[in-house]
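Fair warning: this is a prediction, and the values are worked out from it, not measured in the lab. Sequence lines set the chain letters: A, B, ... in the order given, protein chains first and strands last, and positions in each chain run from 1.
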Protein chains: 2
Amino acid sequence: MATIRDVAKLAGVSVATISRYLNKSGYVNVETEQKIKKAIEALNYEPNAVARGLAGKKTNTIALILPDISNPFFPELARAVEDVASMYGYTVILCNSDDEGVKEKSYIEVLKKKYIDGIIFASNTLDSADVEQMTKKGIPVVCLDRVPPKQSCSVVRSKNREGAKLAVEHLLSMGCRKIAHIYGPQEFITAKERLAGYEESVKHLDWYSPTFMIHGDFRIEGGIRATELLMERHPDVDAIFAGNDLMAVGALKALHRMGVQVPGQVAVCGFDGIGMTEITQPELTTVAQPIYEMGALVSRILIKKIEGTLEADQTYELDVALVPRESTLRRNEHASS
Amino acid sequence: MATIRDVAKLAGVSVATISRYLNKSGYVNVETEQKIKKAIEALNYEPNAVARGLAGKKTNTIALILPDISNPFFPELARAVEDVASMYGYTVILCNSDDEGVKEKSYIEVLKKKYIDGIIFASNTLDSADVEQMTKKGIPVVCLDRVPPKQSCSVVRSKNREGAKLAVEHLLSMGCRKIAHIYGPQEFITAKERLAGYEESVKHLDWYSPTFMIHGDFRIEGGIRATELLMERHPDVDAIFAGNDLMAVGALKALHRMGVQVPGQVAVCGFDGIGMTEITQPELTTVAQPIYEMGALVSRILIKKIEGTLEADQTYELDVALVPRESTLRRNEHASS
DNA sequence: CAAGTATGTGGTACCGGTTACACATAAAAT
DNA sequence: ATTTTATGTGTAACCGGTACCACATACTTG
């Protein structure tokens, strides 16, 4: 591999001039430019990114820390992050934290040593102290969805509370009268907000009771167990709003096993809009987050922070959209509540 | 951030000694060791990975180039790769190639500049010339599943032909008599081999005809279209073996739309063993590849090559396993063919 | 007792870039 | 005519490590 000094020698100029040429910083004469071009061509020269990183403390690398890439919510997000990053000339490091603070911290240690330019957090546990520490050390951080908006960094999230309301309204409009909610672990702000939205929407209704709210783990298995518990406790429910799509899938599975018709006897609605919702039978109604857009946005924001184009930390709240599908399709549409 | 020279100064020794201590290379006196430890502690010193990378041409970073992380086959694989990598102290860079040669090459360019230690290819287009070029430049490459085994690098793959035979045999044992195959794009060696396995298994049967082999694109949509075409052409098929799970899901969807019972009228079997197969209705029988194990293995092999523990390029063929589920469950089990 | 070897440490070139600063020249402004 | 200012280029320190080599002791060996 040729180095900048080789190029300098061949072009008959100094390394400084080459560097200036490469970075378009400072003056370079047109003729010199030609000579340099030729030399670079001839030597097949590629500037060494590591050396650049060391000298400039910038590596054009960002990290994406998420709980688990094999959780179906994240691949699309990761794809979006990487698409935007690569568009801007950045490379993406993938980290699976399993939502464990220890792992997160150990990743951060490594990433700092590697002069990573910025971090996207889609993982949970980190408290704002940690984040602040990062940003103070000059490493921009952007958080995604799952972080309480104590403004120590920019945050991209979506309207969970509103989404939950959309779901409940939709179910009501479909004629459902007893709508249960399977909520996710309350450490997740998303789970909390969705639960709150649900509660707000239903608490004034005559059938309302806290026993319609059942805990789940944000995974299929949890959705199954919650649904079993629910149907035992309230055989008369006619709708389940799950705190995320995975649990909704679980609900579907459980109901199918019990021989309960969906949407005939019980309607089911999820939240997130992951691809899976289109392959269940019946297809799953869901409150879709714009997953790809969220990833693209979070990536763009991080890069802007890195490049100094953006200063103020801000919270971006993206709209969610109800995607009505078969799992909530009922004959008596638009019945009055 | 403290540097090695700060530590040296505080400990009253030279940087060389610190370096020796850090890398456990060469001698360091026990007492000196204590002083160094203290100094490191006091300064909260962390060696700079970029500087190390520049000096040692080793970055403890590997790249995973795959077509698209949002293809459900890859998240689990990526997870495995990252798990193993992080266990060995490596960091993983994620690249989505969309199976486009141009993108692959541009990633490779960047990765070389970054002194990446090795590359895992789960992407298609690269020919062995490219791979050879890499390995010659001292960058170890390991290929996954989708690459023709012209031995220019180590390859991890699974037994596609055998898997296809398993699928056909299973369908036959379930009493199916006319088994169609939706094959994937023939640029993919996996698709080719599965097709070959299918053909071998059925060509001696009296109903065999090339018209039972239909082209699909390895995605849900392609599975749907292929199934529609197939059912029009051969309304009498009683089983579909799809070249991958996504197309099997498509088949399921198409059949459901047509009002064809699965497995009653038509049994469906996929290939890959992605998570989706457990959430369809009916659940999908599939020839499961050990996806996580493949990822873990490929990662381990790459790291061994990087660290010189492994020299000879080898091909690892992993076993696949038929996972029988509802989509092929037929009354007349074990009927004779 | 001289030579050889294991132990311990320091000086410094080097990895391959960036960039501050000095210096030179030509054109524009005063 | 002199001072600015814009243009163009080179020298060398620096980023923060690694590792080769020299050198100094303290024991073994022959």
Side-chain angles (χ1 to χ4, degrees), chain A residues 1-37 39-40 43-61 89 109-117 137-138, chain B residues 1-37 39-40 43-61 89 109-117 137-138:
Chain A
M1 276 283 94
T3 75
I4 197 171
R5 296 179 219 263
D6 299 330
V7 177
K9 198 167 292 170
L10 185 60
V13 295
S14 76
V15 294
T17 305
I18 308 289
S19 180
R20 256 178 271 125
Y21 166 80
L22 290 171
N23 303 295
K24 303 187 193 323
S25 57
Y27 300 107
V28 178
N29 185 289
V30 221
E31 291 161 35
T32 314
E33 212 170 293
Q34 293 312 314
K35 285 192 287 181
I36 295 176
K37 247 180 212 160
I40 288 178
L43 294 169
N44 209 326
Y45 168 74
E46 296 277 359
N48 179 317
V50 179
R52 274 190 163 163
L54 181 57
K57 300 193 186 319
K58 175 134 197 306
T59 53
N60 281 280
T61 307
E109 280 310 305
V110 176
L111 297 172
K112 276 201 292 192
K113 287 190 216 173
K114 292 200 176 184
Y115 276 165
I116 236 67
D117 294 331
K137 285 199 177 162
Chain B
M1 276 283 94
T3 76
I4 197 171
R5 295 176 222 266
D6 299 330
V7 177
K9 198 168 293 172
L10 185 60
V13 296
S14 76
V15 293
T17 305
I18 308 290
S19 180
R20 255 178 274 123
Y21 167 81
L22 290 172
N23 303 295
K24 305 191 192 322
S25 58
Y27 299 108
V28 178
N29 185 288
V30 221
E31 290 162 35
T32 315
E33 210 171 293
Q34 293 312 313
K35 284 191 288 182
I36 295 176
K37 247 180 211 158
I40 288 177
L43 294 170
N44 210 325
Y45 168 74
E46 296 276 0
N48 179 316
V50 180
R52 275 190 163 163
L54 179 59
K57 302 194 184 318
K58 174 131 198 309
T59 53
N60 281 280
T61 307
E109 280 310 305
V110 176
L111 296 172
K112 278 201 291 193
K113 287 191 217 173
K114 292 200 176 185
Y115 275 165
I116 238 67
D117 295 330
K137 285 199 176 160

Does atom NZ (K9(A)) have a neighbourhood of more than 12 heavy atoms from anything else shown, all under 6.0 Å?
no
How long is the span from the CG atom in L10(B) to the CD1 atom in I36(B), to the nearest 0.5 Å?
11.0 Å
Contact list for residues 44-57 of chain A, test salt bridge (Lys or Arg N to Asp or Glu O under 4.0 Å), sequence neighbours left out:
E46(A)-K113(B)
Report yes if a side-chain nitrogen or oxygen of N48(A) is closer than 4.0 Å to either non-bridging phosphate oxygen (OP1 or OP2) of dG17(C); otherwise report no.
no
State whether Y115(A) places a side-chain N or O below 4.0 Å from either non-bridging phosphate oxygen (OP1 or OP2) of dG16(D).
yes
Over the length of the helix from dC1(C)-dG30(D) to dT30(C)-dA1(D), how much do the five-pair end axes diverge, rounded to 10 degrees?
40°
K24(B) atom NZ is separated from dA19(D) atom P, nearest whole Å, by 15 Å
Contact class for Y21(B) (heavy atom, under 4.0 Å): base, sugar-phosphate, or nothing?
nothing
Assign T3(B) to base, sugar-phosphate, or nothing according to its heavy-atom contacts below 4.0 angstrom with the strands shown.
sugar-phosphate
Could you tell me the separation between the CD atom of E46(B) and the P atom of dG17(D), rounded to a whole number of Å?
10 Å
Please determine whether any donor N or O and acceptor N or O are separated by less than 3.5 Å between the side chain of R5(B) and the base of dG17(D).
yes
Starting from P on dT25(D), measure out to CG on N29(B) and report it in whole angstrom.
15 Å
Rounded to whole angstroms, how far apart are CG on L43(A) and P on dG16(C)?
14 Å
So, is Y45(B) near the phosphate of dG17(D), with a side-chain N or O under 4.0 Å from OP1 or OP2?
yes
Below 4.0 Å: OP1/OP2 of dT9(C) and any side-chain N or O of T32(B)
yes
Looking for any heavy atom pair under 4.0 Å, which part of the strands does V28(B) touch: base, sugar-phosphate only, or nothing?
sugar-phosphate
Verify the contact: side-chain N or O of Y27(B) to OP1 or OP2 of dT7(C), cut-off strictly under 4.0 Å; return yes or no.
yes
In terms of the nearest nucleotide of DNA chain D, which residue is placed more toward the 5' end: R20(B) or A51(B)?
A51(B)
d(E33(B) CD, K35(B) NZ) to nearest 0.5 Å is 12.0 Å
Atom CG of L54(A) and atom P of dC14(C): how far apart are they, to the nearest Å?
17 Å
N/O (side chain, T17(B)) to phosphate O (OP1/OP2, dG10(C)) under 4.0 Å:
yes
Test item: L54(A) and V50(A) side chains (from C-beta on) under 4.5 Å apart, heavy atoms
no
Looking at K57(A), does any N or O in its side chain come under 4.0 Å of the phosphate oxygens OP1/OP2 on dT18(C)?
no
Once you round it to whole Å, what is the distance between P of dG16(C) and CD1 of I4(A)?
11 Å
How many Å lie between CD1 on I18(B) and C1' on dG11(C), as a whole number?
15 Å
Judged by nearest nucleotide, the residue sitting upstream toward the 5' end of DNA chain C, A55(B) or V15(B), is V15(B)
Between dG10(D), dG11(C), dA6(C), spot the one nearest the side chain of A16(B), thanks.
dG11(C)
So, is S14(B) close to the dG11(C) phosphate, meaning a side-chain N or O under 4.0 Å from OP1 or OP2?
no
Nucleotide dG11(C), atom P - distance to NZ of K9(B) in whole Å:
12 Å
If I take atom CG from residue N48(B) and atom OG1 from residue T3(B), how far apart are they, to the nearest 0.5 angstrom?
9.5 Å
OH (Y21(B)) and CD1 (I4(B)) are apart, to the nearest 0.5 Å, by 12.0 Å
Working note: T59(A) + K114(B), criterion side-chain contact (heavy atoms from CB on, under 4.5 Å); need CA distance, chi angles, decisive distance, verdict.
CA-CA 9 Å; T59(A) 53; K114(B) 292 200 176 185; 5.7 Å; no
